[in-house]
2 protein chains.
Amino acid sequence: MIVDPSADDRLDRAFMALADPVRRRIIARLSRGPATVNELAEPFEITKQAVSKHIQVLEQAGLVTRTRDAQRRPVHLDAAALEALTEWIDRYRLIHEQQFRALDALLATERGRRAAPSAGGTTPAGTQEDAES
Amino acid sequence: MIVDPSADDRLDRAFMALADPVRRRIIARLSRGPATVNELAEPFEITKQAVSKHIQVLEQAGLVTRTRDAQRRPVHLDAAALEALTEWIDRYRLIHEQQFRALDALLATERGRRAAPSAGGTTPAGTQEDAES
DNA sequence: TACTTGATCAACCATTTGATTGATTACAAG
DNA sequence: CTTGTAATCAATCAAATGGTTGATCAAGTA
């Protein structure tokens, strides 16, 4: 019974949701427009109940929303949550590339003075802390 | 005992790997430079064996690589795999935004002729197929 | 009211995951 | 050769996940 614990936990759920190939295909389908549970279940060889559970997972991750249209409950994609994921990934990806450029620059400098050392044996990272949020 | 079934499955593993908050923090740490298992295990309250398993998962997902330095086995981040993830997400995110723009355009056109209809009750998506790869 | 459709709820089962403890391999130093 | 350190392997266990079937709820319709 978790309602909305924190933005951190939301990220957890979002990644966890996309970890399943079925849910990823649901996302792919929803990117072309909203769909009902029955429509989403068709391409798969699983029951509607299973798809309904998957959608619950996606909903709790903030990736989709369910609206009401008579007795149908169309599912809509929420692209903002997808954007949050790419933002998380890109952050550390870019930091990593930055490190690479810094190492290149260091080696270029060192090359002028002495022979290039082993370059990468021990970590140059100073802080043990991370900043996950 | 799966070795490397396909590029499709690689994406599965990558998302699955990032689904765990511990592994995400490992990625965050590695973005600042390579580290050993012991260094990675320190900030967490779990054993080294558990961290070793996490790194195995990350390695099979292609997110990190392990090299050899005497009896140490430093772990390095592989940013290329992270890029593949953002590419996957961005694809469907952008398709979705495109749909939104198209809907806006349609509504703008319709507004000139008749009163705006319910707009979004049933899905306009034509193809049931998806293109996950 | 009764019936049909769309979707969820509830109980249950098989498999997988995350973590633990204990033993083992690989390498370096005494 | 023995000790110590870094890391993995192996067996085990509790908890979570994905799926199923059957019952239930909600809304439209004869």
Side-chain angles (χ1 to χ4, degrees), chain A residues 1-2 5 9 12-27 29-30 34-61 63-76 118 120-123 128, chain B residues 1-2 5 9 12-27 29-30 34-61 63-76 118 120-123 128:
Chain A
M1 267 289 194
I2 308 153
D9 214 54
D12 279 28
R13 295 168 184 280
F15 272 111
M16 179 76 97
L18 286 187
D20 189 284
V22 170
R23 289 194 286 261
R24 285 218 311 284
R25 286 186 60 190
I26 289 177
I27 291 290
R29 168 67 184 76
L30 289 178
T36 65
V37 171
N38 271 324
E39 289 167 350
L40 290 173
E42 251 185 57
F44 303 103
E45 288 179 346
I46 57 180
T47 61
K48 284 182 285 191
Q49 288 92 328
V51 173
S52 194
K53 277 189 180 181
H54 281 305
I55 291 173
Q56 272 188 14
V57 173
L58 289 168
E59 191 178 27
Q60 287 188 333
L63 289 167
V64 305
T65 53
R66 271 186 290 194
T67 58
R68 223 193 167 150
D69 172 35
Q71 72 267 48
R72 280 179 204 81
R73 252 147 287 189
V75 184
H76 306 254
S118 69
T122 56
T123 167
Q128 200 70 285
Chain B
M1 269 286 195
I2 307 151
D9 213 56
D12 278 29
R13 296 168 183 281
F15 272 111
M16 178 76 95
L18 287 187
D20 189 283
V22 170
R23 290 195 285 262
R24 284 218 312 285
R25 286 187 60 190
I26 289 177
I27 291 290
R29 168 67 184 77
L30 289 178
T36 64
V37 171
N38 271 323
E39 290 168 349
L40 290 173
E42 251 185 56
F44 303 102
E45 287 179 347
I46 57 179
T47 62
K48 284 181 285 193
Q49 287 93 328
V51 173
S52 193
K53 277 190 180 179
H54 281 305
I55 292 172
Q56 273 188 12
V57 173
L58 289 169
E59 192 179 25
Q60 287 188 333
L63 289 167
V64 305
T65 54
R66 270 185 289 194
T67 57
R68 207 148 210 173
D69 172 36
Q71 72 267 49
R72 278 177 205 83
R73 252 148 287 188
V75 184
H76 306 255
S118 69
T122 56
T123 166
Q128 199 71 284

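Every chain is numbered from 1, with letters handed out A, B, ... down the list of sequences.
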For residues B/V22 and B/F44, report the shortest heavy-atom separation together with the two atoms involved.
-> O-CZ, 3.9 Å

Measure from the side chain of B/Q71, starting at C-beta and using heavy atoms only, and say which of D/dG28, D/dA6, C/dT20 lies closest.
-> D/dA6

Picking from C/dC27, D/dG19, C/dC9, the nucleotide nearest the side-chain atoms of A/K53 would be D/dG19

Listed nucleotide nearest any side-chain atom of B/A70, set D/dC9, D/dT17, C/dC27 = C/dC27

Looking for any heavy atom pair under 4.0 Å, which part of the strands does B/Q49 touch: base, sugar-phosphate only, or nothing?
-> base

Spacing of A/Q56 atom CD relative to D/dG19 atom C1', expressed in whole Å = 14 Å

For B/H54 and C/dA19, is the shortest distance between a side-chain N/O and OP1 or OP2 below 4.0 Å?
-> yes

Identify, between A/R72 and B/E45, the residue whose nearest nucleotide on DNA chain C lies closer to the 5' end.
-> A/R72

How many Å lie between CD on B/E42 and P on D/dA6, as a whole number?
-> 11 Å

Below 4.0 angstrom from OP1 or OP2 of C/dA19, is there any side-chain N or O of B/T47?
-> no

Under-3.5 Å donor-acceptor pair between B/K48 side chain and D/dA6 base = no

Are any of A/R73's side-chain N or O atoms less than 4.0 Å away from OP1 or OP2 of D/dA26?
-> no

Would you indicate which nucleotide in D/dG18, C/dA19, D/dA7 comes nearest to any side-chain atom of A/D20?
-> D/dG18

What integer distance in Å separates A/L40:CG from C/dT8:P?
-> 10 Å

Side chain of A/R13, backbone of A/F15: donor and acceptor closer than 3.5 Å?
-> no

Do any side-chain nitrogens or oxygens of A/R23 fall under 4.0 Å of OP1 or OP2 in D/dG18?
-> yes

Are A/S52 and C/dA7 close enough that a side-chain N or O sits under 4.0 Å from OP1 or OP2?
-> no

Identify, between B/V51 and A/V22, the residue whose nearest nucleotide on DNA chain D lies closer to the 5' end.
-> B/V51

Any side-chain heavy atom of B/N38 within less than 4.5 Å of one from B/V51?
-> no

Rounded off to whole Å, could you give me the CD1-to-C1' distance for the A/I46 and C/dT8 pair?
-> 15 Å

Do B/L63 and B/V57 have side-chain heavy atoms sitting under 4.5 Å apart?
-> no

Is any side-chain heavy atom of A/I55 closer than 4.5 Å to a side-chain heavy atom of A/R73?
-> no

side-chain contact (heavy atoms from CB on, under 4.5 Å) with A/L58: which of A/R66, A/R23, A/K53?
-> A/R23

Given atom CG of B/L18 and atom P of C/dG18, what is their separation to the nearest angstrom?
-> 13 Å

Nearest-Å distance, CG (B/D12) to P (D/dG18)?
-> 12 Å

What's the CZ-P distance between B/R68 and D/dA6, to the nearest Å?
-> 13 Å

For the pair made of CG in A/L58 and P in C/dT8, what is the distance, rounded to whole Å?
-> 12 Å

Between C/dA7 and A/N38, is there an OP1 or OP2 to side-chain N/O distance shorter than 4.0 Å?
-> yes

Can you find a side chain N or O atom of A/R66 that sits less than 4.0 Å from OP1 or OP2 on C/dA7?
-> no

